[in-house]
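Input: a single structure, listed below in structure tokens.
Side chains are part of it too, since the values below use all heavy atoms of this structure and drop only hydrogens, waters and symmetry mates. Given the structure is predicted, the values throughout are model-derived calculations rather than measurements.
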Amino acid sequence: MCLDSGDPVGWDGSVAVEFATDTFEEHRSVLTGVAYRMTGRVADAEDVVQETWLRWSADGREEVRDPRAYLVRITTRLAINRLRYVQSRRETYVGPWLPEPIVTEFGRTTPDTAEKAVLAESVSLAVLVVLESLSPLERAVFVLHEAFGFPYGEIAETLDRSDAAVRQLGARARKHVEERKPRFDVDPAERRDLTERFLAAATEGDLQGLLSILAPDVRLVGDSGGKSKAPLRVIEGSDKVGRFVLGAAAKGIEDAGFRFAELNGGPALLVFSGSTLDSVFQLDVVDGRIQCLYIVRNPDKLALLAVE
């Protein structure tokens, strides 16, 4: 829809406000998706989207011919600035850093199976961790082109760069991600089954059961931010990971409860202490075995997780 200051039906304040609100809400999910993939934090993504709304609602929109592109441009530039800021903070982060978990239900909004797979992979913890090693501009190009299908020419306008420069950024980012992205299986049913078997073995103290589903070179990455108990370094190897999991499970959690949910494009195990979310477990699976185990225990990262 185009805006025209000479609209014959008039363009009074109430119509303008209604248009601005309806248009923004129409594109909010895309803006949030871009901001989250850029920053890896729900709070930062929400702040970026809120700032986008403030700029959109304050700007004169009569000359805007493509609201979606215009809003994505604002969001991307704000996200780049926010990413540069948060990356400086992460230099002092205690222990490994993982993105904040986010609820994903692409099935309700994305009917195309191939598109759903691309969106799910682009928001997975494994890919988001790899994106952390890109420059903000590389990350922006990768997210916009690979996850949301924006053409390079449009991205060039968004970033105020030449088409050739953006294509070079995209090629470099894609090569970097492909070289470092874990080759995990994406079958949700298999991941859910292994997650359930993992929970059963851990709660029953079954080391052999755990070892049977852990890859020999499995990695355990725990994120606590120094605010709860979690390993401050990555644990590698099935025996070490298995014994760590059983040791942690043996100590127990008061009034423990378990629930499954779809987070970051795949099944996740949620561990509660009473009504408080204590931990989130997610698995990467390769050839029927757990290749990487992610544990998020930083209470700041769990506080905003909208699970019922």
Side-chain angles (χ1 to χ4, degrees), residues 32 35-50 79-104 123-136 139 180 182 195 198 202 218-236 240-241 243-245 247-259 261-266 268-284 290 292-307:
T32 301
Y36 175 73
R37 287 166 177 80
M38 283 293 296
T39 64
R41 293 189 72 242
V42 176
D44 285 326
E46 291 177 345
D47 287 347
V48 166
V49 172
Q50 178 63 20
I80 287 173
N81 292 337
R82 180 60 63 96
L83 180 60
R84 287 170 174 157
Y85 170 68
V86 298
Q87 282 181 333
S88 65
R89 290 188 305 176
R90 288 173 195 163
E91 294 177 359
T92 59
Y93 196 81
V94 178
W97 181 92
L98 289 173
E100 288 185 13
I102 188 172
V103 175
T104 51
V123 81
S124 70
L125 294 185
V127 169
L128 289 174
V129 168
V130 175
L131 293 186
E132 282 295 302
S133 58
L134 299 178
S135 73
R139 187 164 181 168
R180 292 163 177 77
T195 303
F198 169 84
V218 61
R219 302 169 71 248
L220 183 151
V221 184
D223 179 339
S224 69
K227 298 183 178 183
S228 59
K229 291 184 178 180
L232 297 180
R233 296 180 180 176
V234 176
I235 300 176
E236 299 183 351
K240 290 182 179 179
V241 170
R243 293 184 185 280
F244 173 85
V245 169
K251 296 178 181 178
I253 295 175
E254 184 177 355
D255 193 18
F258 307 96
R259 191 182 309 169
E262 182 184 302
L263 306 181
N264 294 84
L269 170 64
L270 281 57
V271 182
F272 290 82
S273 176
S275 60
T276 302
L277 182 59
D278 177 89
S279 313
V280 167
F281 289 71
Q282 271 204 303
L283 316 177
D284 282 345
I290 299 171
C292 190
L293 172 60
Y294 302 103
I295 307 174
V296 179
R297 298 203 69 211
N298 185 335
D300 295 340
K301 294 188 176 184
L302 302 178
L304 296 178
L305 187 58
V307 290

Q.
Within a 6.0 Å radius of atom CZ on F258, are there more than 12 heavy atoms belonging to other residues, nucleotides or ligands?
A.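 Counting other residues, nucleotides and ligands, CZ of F258 exceeds 12 neighbours.
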
Between [X] (side chain only) and [Y] (backbone N and O only), is there a donor and an acceptor less than 3.5 Å apart?
| X | Y | value |
| --- | --- | --- |
| N264 | L125 | no |
| E100 | V42 | yes |
| E254 | S273 | no |
| D278 | F272 | no |

Which heavy atom of [X] sits nearest to which heavy atom of [Y], and what is that distance?
| X | Y | value |
| --- | --- | --- |
| V280 | L277 | CG2-CD2, 4.2 Å |
| P96 | P231 | CD-O, 3.8 Å |
| P299 | K227 | CD-CB, 3.8 Å |
| L83 | P136 | CD2-CA, 3.8 Å |
| P101 | K301 | CD-O, 3.9 Å |
| V221 | C292 | CG2-SG, 4.1 Å |

Within a strict 4.5 Å, meaning less than it, do heavy atoms of the [X] and [Y] side chains meet?
| X | Y | value |
| --- | --- | --- |
| V245 | L293 | yes |
| I290 | D284 | no |
| V130 | L128 | no |

Could you measure the distance from the [atom1] atom of [X] to the [atom2] atom of [Y]? Nearest 0.5 Å is fine.
| X | Y | atom1 | atom2 | value |
| --- | --- | --- | --- | --- |
| I253 | T276 | CD1 | OG1 | 11.0 Å |
| T195 | Q282 | OG1 | CD | 8.0 Å |
| S228 | L302 | OG | CG | 8.0 Å |
| L98 | Y294 | CG | OH | 7.5 Å |
| S135 | R84 | OG | CZ | 8.0 Å |
| I102 | T32 | CD1 | OG1 | 7.5 Å |

(Q) Holding to salt bridge (charged side-chain N to carboxylate O under 4.0 Å, His left out), I want the full list of residues that pass it with D47, two or more places apart in sequence or in another chain. (A)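 For D47 the salt bridge (charged side-chain N to carboxylate O under 4.0 Å, His left out) partners, ignoring immediate neighbours, are R82.
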
(Q) Test of understanding: with salt bridge (charged side-chain N to carboxylate O under 4.0 Å, His left out), list the residues that count as partners of R219, not counting sequence neighbours. (A) E236

Q: Determine, for E132 against R139, whether the closest basic-nitrogen to carboxylate-oxygen distance falls under 4.0 angstrom.
A: yes

Q.
Using the rule given for side-chain hydrogen bond (donor to acceptor under 3.5 Å, both in side chains), can you reason through D44 versus Y36, listing the C-alpha separation, both sets of side-chain angles and the distance that settles it, and then say yes or no?
A. CA-CA 7 Å; D44 285 326; Y36 175 73; over 6 Å; no

Q.
Run Y93 and D223 through side-chain hydrogen bond (donor to acceptor under 3.5 Å, both in side chains) and show every step you take.
A. CA-CA 10 Å; Y93 196 81; D223 179 339; 2.4 Å; yes

Q: Dump the intermediate steps for side chain to side chain contact (heavy atoms under 4.5 Å, CB included) on V296 and F281, then the final yes or no.
A: CA-CA 7 Å; V296 179; F281 289 71; over 6 Å; no

**Q.** From CA spacing to verdict: side-chain hydrogen bond (donor to acceptor under 3.5 Å, both in side chains), R297, S224
**A.** CA-CA 5 Å; R297 298 203 69 211; S224 69; over 6 Å; no

(Q) Taking side chain to side chain contact (heavy atoms under 4.5 Å, CB included) as the definition, give me every residue that meets it alongside V103, ordered by chain and number, with sequence neighbours left out. (A)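 Partners of V103 by the side chain to side chain contact (heavy atoms under 4.5 Å, CB included) criterion, ordered by chain and then number, come out as E105, L263, L305, V307.
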
